[in-house]
Visitor: 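Before anything else, here's the structure in question.
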2 protein chains.
Amino acid sequence: MNGSPQPGSHLSTPANMADVAREAGVSIATVSRALRGRPGVGEATRTRVQAVAERLSYVISPEASHLSRGETGRVAVVVPLLQPWFYATLVSALVGHLREAGLDTLIYQVDGAQERGRFLAELPARRKVDAVVLAALPLTPDQRDRLDLLGVRVVVAGGRLRDLPHVRVDDLAVAHTAVDHLVGLGHRRIAMVRTSDTDETPWEADLQRARGWRERMDHHGLGPVEELLVTEELGPRAGARALDRLLALPDPPTAVFAYSDELAAAVAVRAHERGLRVPEDLSVMGVDGHPVADLLNLTTVDQHVAEQAAETAATVIALVRSRAADLPGGVDPVAHRHDVVLDHTLVVRASTAPPSA
Amino acid sequence: MNGSPQPGSHLSTPANMADVAREAGVSIATVSRALRGRPGVGEATRTRVQAVAERLSYVISPEASHLSRGETGRVAVVVPLLQPWFYATLVSALVGHLREAGLDTLIYQVDGAQERGRFLAELPARRKVDAVVLAALPLTPDQRDRLDLLGVRVVVAGGRLRDLPHVRVDDLAVAHTAVDHLVGLGHRRIAMVRTSDTDETPWEADLQRARGWRERMDHHGLGPVEELLVTEELGPRAGARALDRLLALPDPPTAVFAYSDELAAAVAVRAHERGLRVPEDLSVMGVDGHPVADLLNLTTVDQHVAEQAAETAATVIALVRSRAADLPGGVDPVAHRHDVVLDHTLVVRASTAPPSA
DNA sequence: CTGAAAGCGCTTACAG
DNA sequence: CTGAAAGCGCTTACAG
């Protein structure tokens, strides 16, 4: 069946297990065992089979192997967008860890409520993967319910969703840390700047950070603060517009807490353009641990994305393994163990200082 | 065969084609035709089958379908790293286009010569995908030869490799454009800054940009320039170190052409730290069209990454389709058509100006 | 228009 | 230690 190459193709048909078996003079069952490192094969036989496989540059067909075993060896990672630093970093680390565990990664980008709806409606991941990682996706209640129809294990990274296992930082505490830092420096007018998707669906991390900021301002007796909360539509000019609005207030803030480092960077650059010195005239800080914060020397709350990815990968791998082992008992120990909340770290740099008198 | 749920699992076993066939009172052959939209099924039958599939929330098993059809519906995208803006942007756009064509994307990160060697040695993509996109990977001649063993079609994005179909910008011309811009402003001492991997393997875009810079400096009678070429190891401090070295020269440059926008940004920030005004004391420009260049108002040569991705996707899709159609003739029209060189664009911003007298 | 059957390339009890 | 055979879930000539 593997005779001459197909016409029209310069790629020769790859060998299959039957070819190896024939060349090695054994059955395909033995080839399978030998190559998968399963017991029950003589050492000499195993060596011979491996040599033949090597010579024919044969590798086991994942398609067939998985069909037979009822698993795919693949994990889907679903992100709103791949480009932003947070997602690129998260996915990059995830891919690395999953690869080490022998799992391939399939990427799905579902930007906007419509795409998310379509994704869940079409269930594209279904049967294509052993598990799905949802990276901080805002979902409607209805969409959450549809998750079960995916028919695979789901892990949430960078947020929380229903009772699914998840890995995240405590965004409420992140905001508290930021506000405490600025209050500690002597600021009393502390603005919060964030961006909105064009999307209606609430984004949990965003809600929590805004809530944490509000809570903590009240806690320090600095509320009410609603006029200091500015939301701009996501885009390269969001930070500039937000700062312009804040500076137009009768009593402008002396410090800005931005939802992300990218936003903080844009605010800091805009401050320069407006002739304000950072931090003398305005303190600026963000959240993430983004390289741009390092480059521009901005204070930030590092949310350790690489660690979040590592924990997420560990959770996924455990789930896949437990399914492979088909654990008895009706209870899934893994799912109940994994509500992982990682620490965040305040990184003080040159963009925050006491307000000038 | 799809009786009660497995013990230990709260996920019910998904229906298979046989379940649908039984419920609809037809053979699995008919189910297959009906669901795949193939001809030869009565309209009433098709409708009924679709209704049953819907009710059982059945979707065709990609594993089985692909095994049967001899294709996977998947494309592998191989990048050195996913995190840098260029790769994140390229992959993000690729995933989108491939998805529209019904193809899933598998991500492989092969950072460093060792990983690349291992990737090619283990041929992980083999039989897992219908095609592979190599994103600007520096490969040794030996590794290039091993590509054939992948057993799948290969397309190169952001560079050129052997006789493989590829999509790229002309990096020689990119450097010419940059040098011409700076010379046109009156600069005569124009440095080039770049980063090296720890890696020995030559990176084509890098070599081309350096060569183009050198060529064009000579062309304008401004050579020899070797002392103005600074290579620093990749990292967050590369730009700062590079500028420090240039400023230590007896006759420092008045303009810096950086390999990338990220590097240009680091150089510009370092210039500020050193008390130099940009562009009055030093002109700085990069390559990419990176958001940070926009943020910091840096002149750049935009290499239109999204368009490169679109062309790459189109090439891959054509290759996959042509293979599916099993074109006769021994010649592959697609492979020979696709040496796509896209235009680049000079974007002049505030970081370049005539040198001060 | 429809079905029985072979085949895609494996894995794994089961029986030696 | 090894093999024959059933099965994973499809697709597709082939024959009605």
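By convention in this document, chain letters (A, B, ...) are assigned in the order of the sequence lines, proteins followed by strands, and residues within each chain are numbered from 1.
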Visitor: Would you indicate what G42(B) reaches in the nucleic acid, counting non-hydrogen atoms under 4.0 angstrom: base, sugar-phosphate, or nothing?
Guide: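 Sugar-phosphate contact only.
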
Visitor: Is there a salt bridge (Lys or Arg N to Asp or Glu O under 4.0 Å) between K128(A) and E63(B)? Walk through the geometry before answering.
Guide: CA-CA 7 Å; K128(A) 293 185 176 181; E63(B) 294 295 309; over 6 Å; no

Visitor: Can you tell me how far P of dG9(D) sits from CG of L56(B), to the nearest Å?
Guide: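 About 14 Å, once rounded to whole Å.
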
Visitor: Hey, is the main chain of Q308(A) close enough, under 3.5 Å, to the side chain of T312(A) for a donor-acceptor pair?
Guide: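 Yes; judged by distance alone, with no hydrogens or angles, the pair exists.
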
Visitor: What's the gap between dT2(D) and dA6(D) when it is taken at their P atoms, as a whole Å value?
Guide: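 Per the computed distance, 23 Å lies between those P atoms.
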
Visitor: Can you work out whether V26(A) or E63(B) has the more 5'-proximal nearest nucleotide on DNA chain D?
Guide: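 It is V26(A) whose nearest nucleotide is closer to the 5' end.
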
Visitor: Give a yes/no on whether any side-chain N or O of R46(A) is located under 4.0 angstrom from OP1 or OP2 of dC1(D).
Guide: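 For dC1(D), neither OP1 nor OP2 has a side-chain N or O of R46(A) closer than 4.0 Å.
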
Visitor: Would you call Y58(B) and L35(B) a side-chain contact if the rule is heavy atoms closer than 4.5 Å?
Guide: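 Yes - at least one pair of side-chain heavy atoms lies under 4.5 Å apart.
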
Visitor: Is there a side-chain contact between T45(B) and the phosphate of dC1(C), meaning an N or O under 4.0 Å from OP1 or OP2?
Guide: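 Indeed not, no polar side-chain atom of T45(B) lies that close.
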
Visitor: Is a donor on one side and an acceptor on the other found under 3.5 Å between the side chain of R74(A) and the backbone of L106(A)?
Guide: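 Checked: no pair found.
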
Visitor: Go ahead and write out DNA chain D as dot-bracket, 5' to 3': ( ) for pairs within the strand, [ ] for ones crossing earlier pairs, | when the partner sits on another strand, dots for unpaired; Watson-Crick or G-U wobble, both distances under 3.5 Å.
Guide: |||.||||||||.|||

Visitor: How would you summarise protein contacts on nucleotides 11-16 of chain D per nucleotide, using B for base, S for sugar-phosphate only and - for none, with heavy-atom distances below 4.0 Å?
Guide: BBB---

Visitor: Between H166(A) and V156(A) (side chain of the first, backbone of the second, donor and acceptor by atom type, cut-off under 3.5 Å), is there such a pair?
Guide: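 No; zero donor-acceptor contacts below 3.5 Å.
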
Visitor: Using the C1' atom as the point on both nucleotides, what is the distance between dT12(C) and dG16(C), in whole Å?
Guide: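 That atom pair is separated by 16 Å.
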
Visitor: Calculate the interatomic distance between R22(B) atom CZ and dC10(D) atom P; express it in whole Å.
Guide: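 One finds 12 Å between P of dC10(D) and CZ of R22(B), rounded.
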
Visitor: Measure from the side-chain N and O atoms of D130(A) to the backbone N and O of E71(A), and report whether any donor-acceptor pair falls under 3.5 Å.
Guide: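 No.
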
Visitor: Between C1' on dG7(C) and CD on E71(B), what's the gap in Å once rounded to a whole number?
Guide: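 Distance, rounded to whole Å: 16 Å.
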
Visitor: Would a 4.5 Å heavy-atom cut-off, applied to side chains only, mark V20(A) and V49(A) as touching?
Guide: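 In short, these two side chains touch, coming nearer than 4.5 Å.
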
Visitor: Has R46(A) got a side-chain atom pairing as donor or acceptor with R38(A)'s backbone, closer than 3.5 angstrom?
Guide: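 Judged by distance alone, yes, a pair lies under 3.5 Å.
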
Visitor: Can you tell me how far C1' of dG7(C) sits from CG of L67(A), to the nearest Å?
Guide: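 L67(A) atom CG is separated from dG7(C) atom C1' by 12 Å.
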
Visitor: Does a side chain donor of either S92(B) or Q109(A) reach within less than 3.5 Å of an acceptor in the other side chain?
Guide: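 Yes, because at least one side-chain N or O of S92(B) sits under 3.5 Å from a partner of the opposite role on Q109(A).
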
